[in-house]
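Take a look at the structure set out below.
The chains referred to below are lettered A, B, ... by the order of the sequence lines, with proteins before strands, and numbering in each begins at 1.
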Amino acid sequence: MYYSSMEERLKKLKRLRELKINPYPYRFDRSHTFSRIKNDFEELSRSQTIIKTAGRIITIRRHGKTIFATLNDENEKMQIYLRKADLGEGFEVFENFDIGDFIGVEGKVFKTRTGEITVHVEKFTLLTKSLRPLPEKWHGLRDIEIRYRKRYLDLIANQEVREIFRKRSKIIKLLRNFFDGKGFLEVETPVLQPIYGGAAARPFKTFYNALNQEMYLRIADELYLKRLIVGGYEKVWEFCRDFRNEGLDRFHNPEFTMIEAYQAYTDYYGIMELVEELLEFLVKNLYPSNSLTFGDKSVELKRPFKRIKYTEALKEILGVDILKINQSELDRFCQRFGIKTEGQTIGYKIDKLFSELVQKNLIEPTFVIDYPKVISPLAKEHREDPALVERFELIIFGLEIANAFSELNDPIDQRKRFEQQLAQKEEGIAEIDEDFIEALEYGMPPTGGLGIGVDRLCMILLNQPSIRDVILFPQLRREDAR
RNA sequence: GGGUCAUUAGCUCAGGUGGUAGAGCAUCGGAUUUUUAAUCCGGUGGCCGCAGGUUCGAGUCCUGCAUGACCCA
């Protein structure tokens, strides 16, 4: 099928080889990229400098004894101009070139009468022969499935997609600069873990033959980073690729990137300031103003961010303290708002109510603080209310962007919380990580900890509607038929 | 897991009530020495996602399946 569309190109490949032209040579040293040619045009034109440059052919306009073509390099387009009068017999070789081929060219630059900067080619070299036709030049590649499955075509056809991932890379760099500037040590902890924990999620399981034991891909780094605080580091952080064996939708990819950061001697208030500073730093370095747009909504990032208390926000809507009502009252509220209660834990029901009734509507950057203890097994009990913990989430555009605690460092309380989780058959824990408890028993100083979903952060910073638009190769079901 | 929608040429898309499958771009041949979505003339290209069913006849109607998008759980 596709073979027939490739036939012509294979014929040209054969003809090129017959002309002793290597369609896949090894190297081409450019003197200028296209953007440098454009920047330095006046000087290059005046000095009649012969430049060497290269790119992928994206359009060809043949006019008998002349040819115009447009090349693409990573950042720019460049028109080239070839004349039979300049190239003699070599001119015919270009007949075997197609849209998609990479070529290198040498020549002087000039402006056409419409003012377009153009390379007047004196010599050209095939750098790679392309055997398949590219997506159409005008409409680009729209088919969202092909865009995700064959991202390379998306990147070739859609410049704005290239730009998104450049910006993602910039965000990653800014995050690194930020934590580096704050004196945090960037560390690497195991992806492959014998006991998983640190979040409420199902893990991917695998098997390690040499040790003859089951292993898990991490769902979070929390328990390892805290071990490092026990070990004496005072500020550690990590870019963590985490894996959660759950559904995938607009906000979830099974494999995703988090930042976790832990700082000794501080609490969740300290982390709140850190997060405010971080957001301000990111937006300042990405945009001229401090406003953010996501879909049809815009917000101002102004410190200090609004703070609301978890239980008080719910109380405003339900009229009661969610932690002071009994099971059947809780179930009644759930039913009233269409939340399934069957077989669900108390924590699930409370949190579901919260995200439906409160979180969804928090558009402006808002710290939701003081979570129920029952849904926060790794956070330290609130200093004023034993039913709560010192925890906050940062919500922007209704999305959870950051999650942070005053970290629980009482090993006896921690064991009790793990045991309760196990008894409730909650997700995220299959057995108690005894080594982690033991580490706490040696003593972890008071610590503030932070997690940030980097993909979601990129979504709101880059105004992309789906997590798949900020992940180069998002997970899709395997489809062999194509 | 449930609902809605989508799947037609390499790409982007048309194909009222069932009657021989279409356009633009790309591609191929021809013309063209400053074009730029080049232009002009002439061609090639289809398991209409897959499998059944209804019908004299299905891209179109029905069922199932696959993949994807969105919404819900």
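- B:U33 and B:U39 have their C1' atoms separated by 15 Å, given to the nearest Å.
- Few gaps surround CD on A:Glu18; more than 12 heavy atoms of other groups in view lie less than 6.0 Å from it.
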Would you give me the side-chain donor-acceptor pairs under 3.5 Å for residues 329-343 of chain A, sequence neighbours excluded?
from, atom 1, to, atom 2, distance (Å)
A:Glu329, OE1, A:Asn326, N, 3.1
A:Asp331, OD1, A:Lys349, NZ, 2.9

Identify every side-chain donor-acceptor pair in residues 366-374 of chain A under 3.5 Å, counting partners at least two apart or on other chains, and give the distances.
from, atom 1, to, atom 2, distance (Å)
A:Thr366, OG1, A:Glu364, O, 2.7
A:Asp370, OD1, A:Tyr268, OH, 2.5
A:Asp370, OD1, A:His382, NE2, 3.3
A:Asp370, OD2, A:His382, NE2, 3.2
A:Tyr371, OH, A:Glu393, OE1, 3.4
A:Lys373, NZ, A:Glu381, OE1, 2.8
A:Lys373, NZ, A:Pro386, O, 3.2

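- Residue A:Ile103 comes nearest to A:Leu127 through the heavy atom pair C-CD1, 3.5 Å, listed as atom of the first residue, atom of the second, then distance.
- Nucleic acid contact for A:Lys12: sugar-phosphate only, since backbone atoms but no base atoms lie under 4.0 Å from a heavy atom of the residue.
- Comparing B:A51 with B:U67, their C1' atoms are spaced 15 Å from each other, to the whole Å.
- Among residues at least two apart or in separate chains, salt bridge (charged side-chain N to carboxylate O under 4.0 Å, His left out) pairs with a member in residues 418-432 of chain A are A:Arg202-A:Glu427.
- Proximity of the aromatic rings of A:Tyr216 and A:Phe204 is defined here by a centroid distance below 6.0 angstrom, and this criterion is not met.
- Backbone-only contact: A:Ile99 has heavy atoms under 4.0 Å from sugar-phosphate atoms and none from a base.
- Nearest heavy-atom pair across A:Asn96 and A:Arg15 is OD1-NE, 3.0 Å.
- Scanning for salt bridge (charged side-chain N to carboxylate O under 4.0 Å, His left out) contacts around A:Glu92 gives A:Lys84, with sequence neighbours left out.
- Checking the phosphate oxygens (OP1, OP2) of B:G68, a side-chain nitrogen or oxygen of A:Arg149 falls inside 4.0 Å.
- Within the structure, ring-ring contact (aromatic ring centres under 6.0 Å, His included) pairs that include any residue of residues 82-117 of chain A comprise A:Tyr81-A:Phe110, A:Phe94-A:Phe97, A:Phe94-A:Phe124, A:Phe97-A:Phe124, A:Phe110-A:His120 (at least two apart or interchain).
- Under 4.0 angstrom from either OP1 or OP2 of B:A66 there lies no side-chain N or O belonging to A:Arg477.
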**Item:** Footprint string (nucleotides 39-44 of chain B, 5' to 3'): B base within contact, S backbone only, - free, heavy atoms under 4.0 Å
**Value:** ------
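- Side-chain proximity of A:His63 to the nucleotides B:U34, B:U27, B:A38 is greatest for B:A38.
- Nucleotides B:G10 and B:C48 have their P atoms positioned 12 Å apart, rounded to a whole Å.
- Remark: A:Tyr208 engages A:Ala210, A:Leu211, A:Met215 in a side-chain contact (heavy atoms from CB on, under 4.5 Å) (not counting sequence neighbours).
- Scanning atom types as modelled, no donor and acceptor separated by under 3.5 angstrom connect the side chain of A:Glu145 and the base of B:U7.
- Using modelled atom types, no side-chain atom of A:Gln327 and backbone atom of A:Ile346 make a donor-acceptor pair closer than 3.5 Å.
- Across all strands shown, B:U20 remains unpaired; no Watson-Crick or G-U wobble contact has both distances below 3.5 Å.
- In this structure A:Leu286 satisfies the side-chain contact (heavy atoms from CB on, under 4.5 Å) test together with A:Lys170, A:Ile171, A:Leu174, A:Leu461, sequence neighbours excluded.
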Could you pull out the protein-nucleic contacts involving nucleotides 12-14 of chain B (nitrogen or oxygen on both sides, under 3.5 Å)?
from, atom 1, to, atom 2, distance (Å)
B:U12, OP1, A:Arg142, N, 2.9
B:U12, OP1, A:Asp143, N, 2.8

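- Nucleotide B:U4 is matched to B:A69 when pairs are restricted to Watson-Crick or G-U wobble geometry with both distances under 3.5 angstrom.
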Using the 3.5 Å cut-off, write out each protein N or O paired with an N or O of nucleotides 70-73 of chain B and the distance between them.
from, atom 1, to, atom 2, distance (Å)
B:C70, OP2, A:Arg468, NH1, 3.3
B:C71, OP1, A:Arg250, NE, 3.3
B:C71, OP1, A:Arg250, NH2, 3.2
B:C71, OP2, A:Arg250, NE, 3.3
B:A73, O2', A:Lys340, NZ, 3.0

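- Between B:A26 and A:Lys137, a contact under 4.0 Å exists linking OP1 or OP2 to a side-chain N or O.
- Contact between A:Pro365 and A:Phe305 at its shortest, heavy atoms only, is O-CB, 3.7 Å.
- Note on residues 51-63 of chain A: pairs passing salt bridge (charged side-chain N to carboxylate O under 4.0 Å, His left out), not counting sequence neighbours, are A:Arg62-A:Glu95.
- A:Leu134 comes within 4.0 angstrom of nothing in the nucleic acid, heavy atoms only.
- Nucleic acid contact for A:Arg61: base, since at least one base atom lies under 4.0 Å from a heavy atom of the residue.
- Residue A:Lys150 has no polar side-chain atom (N or O) positioned under 4.0 Å from OP1 or OP2 of B:C11.
- At a non-hydrogen distance threshold of 4.0 Å, A:Phe110, A:Thr112, A:Arg113 from residues 106-113 of chain A come into contact with RNA chain B.
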